[in-house]
Student: 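Shown below is the structure under consideration.
Each chain gets a letter, A, B and so on, in the order the sequences are listed, and its residues count up from 1.
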2 protein chains.
Amino acid sequence: MVNQQAALDSLFHALADPTRRAVVSRLLKGAAPVKQLSEPFEMGLPAFLKHLSVLEMSGLIHTEKHGRVRTCRVDAERLAAAEGWLSQQRAIWQGRTDRLADFVESQTPPEQNA
Amino acid sequence: MVNQQAALDSLFHALADPTRRAVVSRLLKGAAPVKQLSEPFEMGLPAFLKHLSVLEMSGLIHTEKHGRVRTCRVDAERLAAAEGWLSQQRAIWQGRTDRLADFVESQTPPEQNA
DNA sequence: TTGTTGGTTCACCATGTGGCGAACTATATA
DNA sequence: TATATAGTTCGCCACATGGTGAACCAACAA
(Lines give C-alpha, C1' and ligand atoms only; values in the text may rest on other atoms or scores of the structure.)
Protein backbone atom coordinates (compact mmCIF):
# COMPACT_ATOMS: atom_id res chain seq x y z
CA MET A 1 0.00 0.00 0.00
CA VAL A 2 2.99 2.23 0.59
CA ASN A 3 4.02 1.33 -2.93
CA GLN A 4 0.60 2.35 -4.16
CA GLN A 5 1.31 5.79 -2.78
CA ALA A 6 4.61 6.01 -4.62
CA ALA A 7 2.88 4.93 -7.81
CA LEU A 8 0.32 7.70 -7.42
CA ASP A 9 3.09 10.17 -6.64
CA SER A 10 4.88 9.50 -9.89
CA LEU A 11 1.64 9.24 -11.83
CA PHE A 12 0.35 12.62 -10.77
CA HIS A 13 3.78 14.14 -11.03
CA ALA A 14 4.05 12.87 -14.58
CA LEU A 15 0.73 14.50 -15.39
CA ALA A 16 1.66 17.80 -13.77
CA ASP A 17 3.32 19.14 -16.90
CA PRO A 18 1.68 20.37 -20.10
CA THR A 19 4.31 18.81 -22.34
CA ARG A 20 3.86 15.42 -20.76
CA ARG A 21 0.07 15.65 -20.82
CA ALA A 22 0.25 16.56 -24.49
CA VAL A 23 2.44 13.55 -25.15
CA VAL A 24 0.01 11.26 -23.37
CA SER A 25 -2.86 12.81 -25.25
CA ARG A 26 -1.04 12.36 -28.51
CA LEU A 27 -0.11 8.76 -27.76
CA LEU A 28 -3.67 7.86 -26.90
CA LYS A 29 -4.36 8.34 -30.60
CA GLY A 30 -1.63 5.90 -31.53
CA ALA A 31 2.00 4.95 -30.97
CA ALA A 32 4.74 7.20 -32.32
CA PRO A 33 8.54 7.48 -32.51
CA VAL A 34 10.44 9.91 -30.29
CA LYS A 35 11.40 12.36 -33.01
CA GLN A 36 7.89 12.73 -34.32
CA LEU A 37 6.53 13.13 -30.79
CA SER A 38 9.04 15.83 -30.01
CA GLU A 39 8.35 17.96 -33.09
CA PRO A 40 5.48 20.09 -31.72
CA PHE A 41 7.59 21.19 -28.75
CA GLU A 42 10.10 23.97 -28.71
CA MET A 43 12.79 22.27 -26.72
CA GLY A 44 15.86 20.21 -27.38
CA LEU A 45 15.82 16.44 -27.63
CA PRO A 46 17.62 15.98 -24.31
CA ALA A 47 14.93 17.94 -22.46
CA PHE A 48 12.21 16.08 -24.28
CA LEU A 49 13.78 12.73 -23.48
CA LYS A 50 13.71 13.65 -19.82
CA HIS A 51 9.97 14.13 -20.09
CA LEU A 52 9.63 10.77 -21.79
CA SER A 53 11.71 9.24 -19.06
CA VAL A 54 9.43 10.70 -16.39
CA LEU A 55 6.44 9.30 -18.23
CA GLU A 56 8.08 5.91 -18.54
CA MET A 57 9.11 5.81 -14.87
CA SER A 58 5.51 6.49 -13.94
CA GLY A 59 4.41 3.61 -16.12
CA LEU A 60 2.20 5.89 -18.17
CA ILE A 61 4.07 4.99 -21.33
CA HIS A 62 6.40 2.25 -22.39
CA THR A 63 8.78 2.20 -25.30
CA GLU A 64 10.70 -0.20 -27.47
CA LYS A 65 13.44 0.28 -29.96
CA HIS A 66 13.56 -1.17 -33.44
CA GLY A 67 16.62 -0.35 -35.45
CA ARG A 68 17.43 3.22 -34.54
CA VAL A 69 13.90 4.39 -33.83
CA ARG A 70 12.27 4.16 -30.41
CA THR A 71 8.52 3.78 -30.49
CA CYS A 72 6.36 5.01 -27.61
CA ARG A 73 2.93 3.86 -26.61
CA VAL A 74 0.66 4.74 -23.75
CA ASP A 75 -0.49 2.40 -20.99
CA ALA A 76 -4.13 3.30 -20.53
CA GLU A 77 -4.40 1.26 -17.34
CA ARG A 78 -2.00 3.61 -15.59
CA LEU A 79 -4.20 6.50 -16.61
CA ALA A 80 -7.16 4.62 -15.19
CA ALA A 81 -5.27 4.23 -11.91
CA ALA A 82 -5.07 8.00 -11.50
CA GLU A 83 -8.69 8.34 -12.46
CA GLY A 84 -9.47 5.59 -9.98
CA TRP A 85 -8.01 7.46 -7.05
CA LEU A 86 -9.94 10.57 -7.99
CA SER A 87 -13.28 8.86 -8.40
CA GLN A 88 -12.66 7.05 -5.14
CA GLN A 89 -12.23 10.42 -3.46
CA ARG A 90 -15.31 11.71 -5.18
CA ALA A 91 -17.19 8.74 -3.76
CA ILE A 92 -16.24 9.88 -0.26
CA TRP A 93 -17.42 13.35 -1.04
CA GLN A 94 -20.59 12.09 -2.65
CA GLY A 95 -21.18 9.76 0.24
CA ARG A 96 -21.52 12.96 2.25
CA THR A 97 -23.54 15.07 -0.13
CA ASP A 98 -25.71 12.09 -0.95
CA ARG A 99 -26.95 12.18 2.61
CA LEU A 100 -28.51 15.46 1.72
CA ALA A 101 -29.89 13.95 -1.43
CA ASP A 102 -31.06 10.87 0.45
CA PHE A 103 -32.81 13.09 2.92
CA VAL A 104 -34.87 14.25 0.00
CA GLU A 105 -34.95 11.14 -2.11
CA SER A 106 -34.37 8.41 0.49
CA GLN A 107 -32.97 5.59 -1.61
CA THR A 108 -29.57 4.13 -2.75
CA PRO A 109 -27.48 3.03 0.30
CA PRO A 110 -24.21 4.97 -0.10
CA GLU A 111 -21.76 2.00 -0.29
CA GLN A 112 -18.49 3.89 -0.68
CA ASN A 113 -15.56 1.81 -1.93
CA ALA A 114 -13.05 1.98 0.93
CA MET B 1 -7.05 27.59 -22.68
CA VAL B 2 -3.46 28.32 -21.75
CA ASN B 3 -4.72 29.11 -18.28
CA GLN B 4 -6.53 25.78 -18.20
CA GLN B 5 -3.16 24.13 -18.67
CA ALA B 6 -1.66 26.04 -15.76
CA ALA B 7 -4.63 25.05 -13.62
CA LEU B 8 -4.10 21.39 -14.48
CA ASP B 9 -0.38 21.78 -13.80
CA SER B 10 -0.94 22.98 -10.27
CA LEU B 11 -3.80 20.57 -9.71
CA PHE B 12 -1.82 17.48 -10.60
CA HIS B 13 1.25 18.81 -8.90
CA ALA B 14 -0.76 19.32 -5.73
CA LEU B 15 -1.92 15.73 -5.92
CA ALA B 16 1.57 14.36 -6.55
CA ASP B 17 2.38 14.11 -2.86
CA PRO B 18 1.08 11.62 -0.32
CA THR B 19 0.77 14.20 2.44
CA ARG B 20 -1.32 16.47 0.27
CA ARG B 21 -3.48 13.63 -1.01
CA ALA B 22 -4.07 12.55 2.59
CA VAL B 23 -5.10 16.08 3.50
CA VAL B 24 -7.54 16.23 0.61
CA SER B 25 -8.88 12.83 1.57
CA ARG B 26 -9.29 13.95 5.14
CA LEU B 27 -10.97 17.20 4.20
CA LEU B 28 -13.46 15.42 1.98
CA LYS B 29 -14.86 14.04 5.21
CA GLY B 30 -15.29 17.51 6.66
CA ALA B 31 -13.55 20.83 7.28
CA ALA B 32 -10.78 21.00 9.88
CA PRO B 33 -8.35 23.48 11.44
CA VAL B 34 -4.67 23.48 10.48
CA LYS B 35 -3.35 22.04 13.72
CA GLN B 36 -5.73 19.11 13.74
CA LEU B 37 -4.97 18.43 10.07
CA SER B 38 -1.26 18.43 10.71
CA GLU B 39 -1.32 16.00 13.63
CA PRO B 40 -1.06 12.71 11.69
CA PHE B 41 2.08 13.88 9.92
CA GLU B 42 5.57 13.76 11.28
CA MET B 43 6.74 17.14 10.15
CA GLY B 44 6.91 20.63 11.52
CA LEU B 45 4.15 23.17 11.08
CA PRO B 46 6.15 25.27 8.61
CA ALA B 47 6.59 22.30 6.27
CA PHE B 48 2.95 21.38 6.65
CA LEU B 49 1.85 24.94 5.93
CA LYS B 50 3.78 24.80 2.67
CA HIS B 51 1.73 21.78 1.66
CA LEU B 52 -1.46 23.61 2.56
CA SER B 53 -0.25 26.55 0.55
CA VAL B 54 0.35 24.35 -2.49
CA LEU B 55 -3.14 22.91 -2.10
CA GLU B 56 -4.64 26.36 -1.77
CA MET B 57 -2.75 27.73 -4.79
CA SER B 58 -4.13 24.85 -6.83
CA GLY B 59 -7.62 25.74 -5.69
CA LEU B 60 -8.10 22.28 -4.24
CA ILE B 61 -8.75 23.72 -0.82
CA HIS B 62 -9.65 27.11 0.54
CA THR B 63 -9.30 28.40 4.05
CA GLU B 64 -10.62 31.07 6.32
CA LYS B 65 -9.50 32.30 9.66
CA HIS B 66 -11.71 32.88 12.64
CA GLY B 67 -9.99 34.14 15.72
CA ARG B 68 -6.66 32.36 15.82
CA VAL B 69 -7.76 29.18 14.06
CA ARG B 70 -7.66 28.74 10.31
CA THR B 71 -10.24 26.31 8.98
CA CYS B 72 -9.63 24.39 5.77
CA ARG B 73 -12.17 22.90 3.44
CA VAL B 74 -11.88 21.13 0.14
CA ASP B 75 -13.23 22.35 -3.18
CA ALA B 76 -14.64 19.22 -4.77
CA GLU B 77 -15.09 20.95 -8.11
CA ARG B 78 -11.35 21.29 -8.47
CA LEU B 79 -11.03 17.58 -7.88
CA ALA B 80 -13.64 17.02 -10.54
CA ALA B 81 -11.59 19.15 -12.93
CA ALA B 82 -8.66 16.75 -12.63
CA GLU B 83 -10.95 13.80 -13.01
CA GLY B 84 -12.49 15.53 -15.99
CA TRP B 85 -9.22 15.75 -17.87
CA LEU B 86 -8.55 12.08 -17.21
CA SER B 87 -11.94 10.84 -18.30
CA GLN B 88 -11.67 13.05 -21.35
CA GLN B 89 -8.43 11.29 -22.21
CA ARG B 90 -10.01 7.95 -21.54
CA ALA B 91 -12.77 8.89 -23.94
CA ILE B 92 -10.16 9.32 -26.68
CA TRP B 93 -8.70 5.98 -25.84
CA GLN B 94 -12.06 4.29 -25.60
CA GLY B 95 -13.17 5.89 -28.81
CA ARG B 96 -10.42 3.81 -30.33
CA THR B 97 -10.84 0.56 -28.46
CA ASP B 98 -14.60 0.80 -28.58
CA ARG B 99 -14.37 0.30 -32.29
CA LEU B 100 -12.95 -3.11 -31.50
CA ALA B 101 -15.50 -3.74 -28.78
CA ASP B 102 -18.37 -2.54 -30.91
CA PHE B 103 -17.25 -4.86 -33.61
CA VAL B 104 -17.82 -7.76 -31.21
CA GLU B 105 -20.47 -6.62 -28.81
CA SER B 106 -22.27 -3.69 -30.44
CA GLN B 107 -24.39 -2.83 -27.43
CA THR B 108 -24.16 -1.24 -23.89
CA PRO B 109 -23.56 2.51 -24.22
CA PRO B 110 -20.52 2.86 -21.92
CA GLU B 111 -22.12 5.32 -19.43
CA GLN B 112 -18.95 6.87 -18.07
CA ASN B 113 -19.39 8.94 -14.94
CA ALA B 114 -18.68 12.43 -16.23
C1' DT C 1 32.65 4.65 -47.24
C1' DT C 2 30.72 8.70 -46.14
C1' DG C 3 26.93 11.32 -44.67
C1' DT C 4 22.71 11.97 -42.38
C1' DT C 5 19.36 10.89 -39.24
C1' DG C 6 17.41 9.29 -34.69
C1' DG C 7 18.69 8.88 -30.19
C1' DT C 8 21.69 9.11 -26.22
C1' DT C 9 24.79 10.81 -22.78
C1' DC C 10 27.24 14.32 -20.28
C1' DA C 11 28.32 18.44 -17.73
C1' DC C 12 26.23 22.39 -16.42
C1' DC C 13 22.88 25.87 -14.73
C1' DA C 14 18.70 28.27 -12.62
C1' DT C 15 14.90 27.45 -10.17
C1' DG C 16 11.58 24.90 -7.35
C1' DT C 17 10.48 21.68 -3.59
C1' DG C 18 10.35 19.87 0.91
C1' DG C 19 12.21 19.81 5.00
C1' DC C 20 14.35 22.07 9.34
C1' DG C 21 14.78 25.30 13.64
C1' DA C 22 14.13 29.68 15.59
C1' DA C 23 11.84 33.70 16.28
C1' DC C 24 7.58 36.05 16.06
C1' DT C 25 2.29 37.51 16.23
C1' DA C 26 -2.10 37.16 17.79
C1' DT C 27 -5.83 35.15 20.30
C1' DA C 28 -7.71 32.61 24.12
C1' DT C 29 -7.59 31.36 28.81
C1' DA C 30 -6.27 31.26 33.71
C1' DT D 1 -1.61 40.35 33.54
C1' DA D 2 0.71 36.09 32.50
C1' DT D 3 0.81 32.04 29.85
C1' DA D 4 -0.35 28.70 26.73
C1' DT D 5 -1.99 27.86 22.02
C1' DA D 6 -2.53 28.37 16.80
C1' DG D 7 -0.38 30.12 13.13
C1' DT D 8 3.09 32.65 10.67
C1' DT D 9 7.49 34.15 8.92
C1' DC D 10 12.33 33.78 8.09
C1' DG D 11 16.73 31.97 6.76
C1' DC D 12 18.82 27.93 5.69
C1' DC D 13 19.76 23.46 3.52
C1' DA D 14 19.79 19.23 0.29
C1' DC D 15 17.95 17.59 -3.55
C1' DA D 16 14.90 17.27 -7.71
C1' DT D 17 13.33 19.42 -12.02
C1' DG D 18 13.56 21.38 -16.49
C1' DG D 19 16.18 23.31 -19.51
C1' DT D 20 20.73 24.12 -22.32
C1' DG D 21 24.78 22.84 -25.71
C1' DA D 22 28.23 19.66 -27.15
C1' DA D 23 29.90 15.38 -27.97
C1' DC D 24 28.77 10.82 -29.15
C1' DC D 25 26.79 6.11 -30.98
C1' DA D 26 24.23 3.33 -34.13
C1' DA D 27 21.68 2.48 -38.16
C1' DC D 28 20.18 3.56 -42.60
C1' DA D 29 20.99 5.84 -47.46
C1' DA D 30 23.75 7.48 -51.19
Student: Quick one: Phe48(B) CZ to dC20(C) P, roughly how many Å, whole number?
Tutor: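 Rounded to whole Å, this separation is 12 Å.
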Student: Just verifying a value: how many Å separate Ser58(B) OG and Leu8(B) CG, rounded to the nearest 0.5 Å?
Tutor: 11.0 Å
Student: How far does CZ of Arg90(A) sit from CH2 of Trp85(A), to the nearest 0.5 angstrom?
Tutor: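 Answer for the CZ-CH2 pair, Arg90(A) versus Trp85(A), is 12.5 Å.
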Student: Of all heavy-atom pairs between Leu11(A) and Ala82(A), which one has the smallest distance, and what is that distance?
Tutor: CD1-N, 3.9 Å
Student: Is any side-chain heavy atom of Met57(B) less than 4.5 Å from a side-chain heavy atom of Ser53(B)?
Tutor: yes
Student: Applying side-chain hydrogen bond (donor to acceptor under 3.5 Å, both in side chains), which residue pairs with at least one partner in residues 31-45 of chain B are found, sequence neighbours left out?
Tutor: none
Student: Taking heavy atoms of chain A and a 4.0 Å limit, find me the 5'-most and 3'-most nucleotide of DNA chain D within that range.
Tutor: dT17(D) to dC28(D)
Student: Just how far, in rounded Å, is P of dG19(C) from CG of Leu52(B)?
Tutor: 12 Å
Student: Tabulate atom names and distances for all N/O pairs under 3.5 angstrom spanning the protein and nucleotides 14-18 of chain C.
Tutor:
from, atom 1, to, atom 2, distance (Å)
dG18(C), OP2, Arg20(B), NH1, 3.1
dG18(C), N7, Lys50(B), NZ, 3.4

Student: If I take atom CG from residue Leu49(A) and atom CG from residue Leu55(A), how far apart are they, to the nearest 0.5 angstrom?
Tutor: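 It is 11.5 Å, given to the nearest 0.5 Å.
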Student: May I have the list of side-chain donor-acceptor pairs in residues 12-30 of chain B shorter than 3.5 Å, sequence neighbours left out?
Tutor:
from, atom 1, to, atom 2, distance (Å)
Asp17(B), OD1, Thr19(B), N, 2.8
Asp17(B), OD1, Arg20(B), N, 3.1
Arg20(B), NE, Ala14(B), O, 2.8
Arg20(B), NH1, His51(B), ND1, 3.1
Arg20(B), NH2, His13(B), O, 3.0
Arg21(B), NH1, Asp9(A), OD1, 2.9
Arg21(B), NH1, Leu15(B), O, 2.7
Arg21(B), NH2, Gln5(A), O, 3.1
Arg21(B), NH2, Gln5(A), OE1, 2.5
Arg21(B), NH2, Asp9(A), OD1, 2.8
Ser25(B), OG, Gln89(A), OE1, 2.7
Arg26(B), NH1, Gly30(B), O, 3.0

Student: Heavy-atom distance under 4.5 Å between the side chains of Thr71(A) and Val34(A), does that happen here?
Tutor: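 Answer no - side chains too far apart.
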Student: For Arg78(A), which residues count as a side chain to side chain donor-acceptor pair (under 3.5 Å) partner, sequence neighbours excluded?
Tutor: none
Student: Do Val74(B) and Leu79(B) touch side chain to side chain, with heavy atoms closer than 4.5 Å?
Tutor: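 When only atoms from C-beta onward are counted, Leu79(B) and Val74(B) do not touch, as no gap falls below 4.5 Å.
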Student: Residues of residues 64-71 of chain B with any non-hydrogen atom less than 4.0 angstrom from an atom of DNA chain C: list those, numerically ordered, please.
Tutor: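 Those residues whose heavy atoms fall under 4.0 Å from DNA chain C, taken from residues 64-71 of chain B in numerical order, are Gly67(B), Arg68(B).
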Student: Which side-chain N or O atoms in residues 59-68 of chain A pair as donor and acceptor under 3.5 Å with protein atoms at least two apart or in another chain?
Tutor:
from, atom 1, to, atom 2, distance (Å)
Thr63(A), OG1, Glu56(A), OE2, 3.1
Thr63(A), OG1, Arg70(A), NH1, 2.9
Glu64(A), OE2, Arg73(A), NH1, 3.2

Student: Is there a residue in residues 23-41 of chain B whose heavy atoms reach under 4.0 Å of DNA chain D, and which residues are they?
Tutor: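 Here the set is Pro33(B), Val34(B), Lys35(B).
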